[in-house]
Amino acid sequence: MTTPRIYKTEAIVLRQRKLGEAGKIVTLYTPNYGKLDAVAKGVRRPKSRLGGHLEVLTHTAVVVAQGRNLDTVTQAQTVESFGGLRADLHRLSRALYAAELVDRFSPEGAESYHVFQLLLATLRRLVSAKNVDTVLRYLEMQLLGLAGFQPQLARCVNCERALAAAPSHFSPDAGGVLCPSCGPEGAGSRTLSLNALKVMRLLQSGSFAEVSRVRVASALAQEIEMHLRAYLIHVLERDVRSAAFIDRLRREDFWQPAGVSS
Amino acid sequence: MDVTPSAAAPVVRLIEEFHKLPGVGPKSAQRLTYYLLRAPQDEAKALAQAILEVKEKITFCSICQNVTDRDPCLICANEERDAALVCVVEEPLDILALERTGSYNGLYHVLHGVISPMDGVGPEHLKVEELLARLKDGSVQEVILATNPNLEGEATAMYLGRLLRPLGVRVTRLARGLPSGADLEYADDLTLTRALEGRQEMG
Ligand SMILES: [Zn+2]
Ligand SMILES: [Zn+2]
C-alpha cells in the first residue's frame with residue numbers, strides 16, 4: 001500500500017526511545033501500514049499535548065506526516081489506555097512481553113491487519129484474564145501461525161505419520177513434533193507429554209474462548225511455556241528479553257510473604 | 001573551510017564521537033565539530049580537559065549514588081537535611097530539578113535508570129541493592145518514589161513498592177500533578193513542589 005504524505009491511522013504504541021531535546025521516537029503498530037517508527041517532538045515536556053496519548057501500550061489514533069527520513073506524529077488521541085494493565089505489575093509485565101513479541105515478529109511496513117487485531121485482543125484480555133499466561137501462550141501460537149512459522153503438531157515432522165496417543169518429542173529445529181520412533185533428534189528436542197500436545201493443538205486452532213475454558217495444571221503450563229519459548233528463540237534467533245522480568249516476578253513471588261505482591 | 005579528504009579522518013572521528021552523545025544528531029555533530037575547528041586552541045583544550053577531569057574526579061556517592069566529587073556527596077553530608085526521608089529518582093538530572101524547587105529537604109537515591117524489560121534492563125541493573133542496604137538500620141522512615149510518570153517509571157515504582165513495603169518503611173509516590181508521558185526533568189518548580197507535597201501512600 002502506498003502511504004499518503006499525511007495520513008491518519010489507529011496504532012498501538014509498542015515502544016519508545018528518547019530523541020534529542022525532550023522528544024521521542026515511538027514505534028507504532030498499525031492495522032494497514034504495519035510497524036513504523038515516528039518522531040514525537042517535545043513529548044517529554046509536561047505541557048505536551050501528545051505525550052499522554054503516545055505512552056507505550058496505548059491504543060491511539062494518530063495523524064502522521066511523512067518525512068524524508070522519519071515520519072512525525074502531529075496529532076494523537078487515546079482510544080484505549082488499558083489502565084488495568086498499568087496498575088498491576090503482573091499484567092503489565094505480560095503486556096510488555098506481548099508488545100516485544102509483536103515488535104520482533106514484524107518487519108517494518110509488512111501487512112498487518114490480523115496481527116494488529118491479535119495484539120489489541122491480547123491487551124484487552126490481559127486487563128482482566130484470570131490466567132495471564134494463557135493469554136500469552138495463545139498470542140505466541142497465533143503469532144507464529146500468522147508469521148508463517150506454525151509448528152507441525154498434527155503429524156510427525158520426520159515420517160509424516162499421524163501421532164499416536166503417547167508422549168512424543170518437540171523439536172524446535174525440525175519445526176514440530178517427532179514421533180517416538182523418529183525422536184529424540186539432536187540436543188534441541190524435549191519430551192512432549194500427550195496433554196501438552198493436546199493443549200498446543202488447541203492454542204493453534206481453537207478460539208481464545210475455547211482455550212480459556214481448559215483448566216491447565218501449573219506443571220503442564222510450565223511444559224507448554226518451555227516448548228514454545230524454545231521454539232520462539234529458534235525462530236527469532238534471539239531471546240525475548242521481557243521474559244526475564246516475568247521470570248523474576250515469579251521467583252520473587254515465591255519467596256515474598258503472601259499478600260504483599262501487587 | 002578547506003578540509004581535504006586526507007585531512008578529514010580526525011574530523012570524521014570527532015563527528016562520530018559527538019554523534020554518540022544523547023540528543024546529538026548527525027547535523028549537530030557536524031556543527032559542533034566545525035565550530036571547534038574554527039575555535040582558538042585554548043578553547044578546544046579547555047573542553048578536552050574538562051571532559052577528562054569529569055571522568056577522573058567525579059565518582060558516585062557511596063550513599064545516594066549521585067555523581068559527586070566528594071564522598072559522601074554534599075547533600076548526604078549536610079546534617080541539616082532530613083535523613084529519615086529518601087526520594088528515589090531515575091537520574092542525577094532529576095535531583096537538579098527537585099533541588100531547584102527548594103521545597104524538599106530530605107535525601108535522595110539515584111537508580112541510574114528504570115526497569116525496561118524490552119531493553120533487557122531489570123532491577124539487577126539499577127541501584128536497587130544499594131537502596132535496600134540504606135533501609136537496613138531503620139533510620140529511613142519514608143521512601144518517596146519519584147520516577148517519571150510514564151510506563152517504565154510506573155513499573156519501576158510498582159516494583160520498588162512491593163519490594164520495600166514488607167520492610168515496614170512508608171512508601172509514597174509523587175502526586176498526579178505531572179501529566180503522564182512527561183519527564184520530571186522538564187517539569188516547572190511549582191508543578192514539582194505540588195507533586196511532592198501531594199505525595200500519596202503506594203497501595
Ligand atoms: Zn516419525
Ligand atoms: Zn550522596
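In what follows, every chain begins at residue 1, and chains take the letters A, B, ... in the order their sequences are listed. The figures that follow rest on heavy atoms only: side chains count, while hydrogens, waters and symmetry mates do not. Computed from a predicted model, the values in this text were never measured in an experiment.
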Nearest-0.5 Å distance, OG1 of residue T27(A) to CE of residue M118(B): 9.0 Å
Spacing of R44(A) atom CZ and L184(B) atom CG [to the nearest 0.5 Å]: 12.0 Å
Test item: Y186(B) side-chain N/O and P46(A) main-chain N/O as donor-acceptor pair under 3.5 Å: no
Considering all heavy atoms, the nearest [X]-[Y] contact:
X       : Y       : result
L89(A)  : Y159(B) : CD2-CA, 3.5 Å
E55(A)  : L151(B) : OE1-N, 2.7 Å
R241(A) : P117(B) : CB-O, 3.5 Å

Atom group of L21(B) that falls short of 4.5 Å from chain A, counting heavy atoms: neither
Contact origin within D119(B) toward chain A - heavy atom pairs under 4.5 Å: both
Option that, when pairs with chain B are counted at under 4.5 Å, heavy atom only, ranks first among A22(A), G42(A), S48(A): A22(A)
D173(A): partners by side chain to side chain contact (heavy atoms under 4.5 Å, CB included), with sequence neighbours left out: S171(A), H234(A)
Sidechain N-carboxylate O distance under 4.0 Å for D188(B), R45(A): no
Segment of V56(A) engaging chain B (4.5 angstrom heavy-atom cut-off): both
Toward chain A: residues of residues 83-101 of chain B with heavy atoms under 4.5 Å: none
Contact residues of residues 123-142 of chain B (partner chain A; heavy-atom separation under 4.5 angstrom): P123(B), E124(B)
Check: R162(B) and L249(A) side chains under 4.5 Å, non-hydrogen atoms: yes
Residue pair R86(A) / E154(B), side-chain heavy-atom distance below 4.5 Å: no
Within 6.0 Å of CZ in R194(B), more than 12 heavy atoms from elsewhere: no
Selection from I115(B), N148(B), V24(B) maximising heavy-atom pairs under 4.5 Å formed with chain A: I115(B)
Close contacts, residues 10-19 of chain A versus chain B, judged by heavy atoms under 4.5 Å: L14(A), R15(A), K18(A)
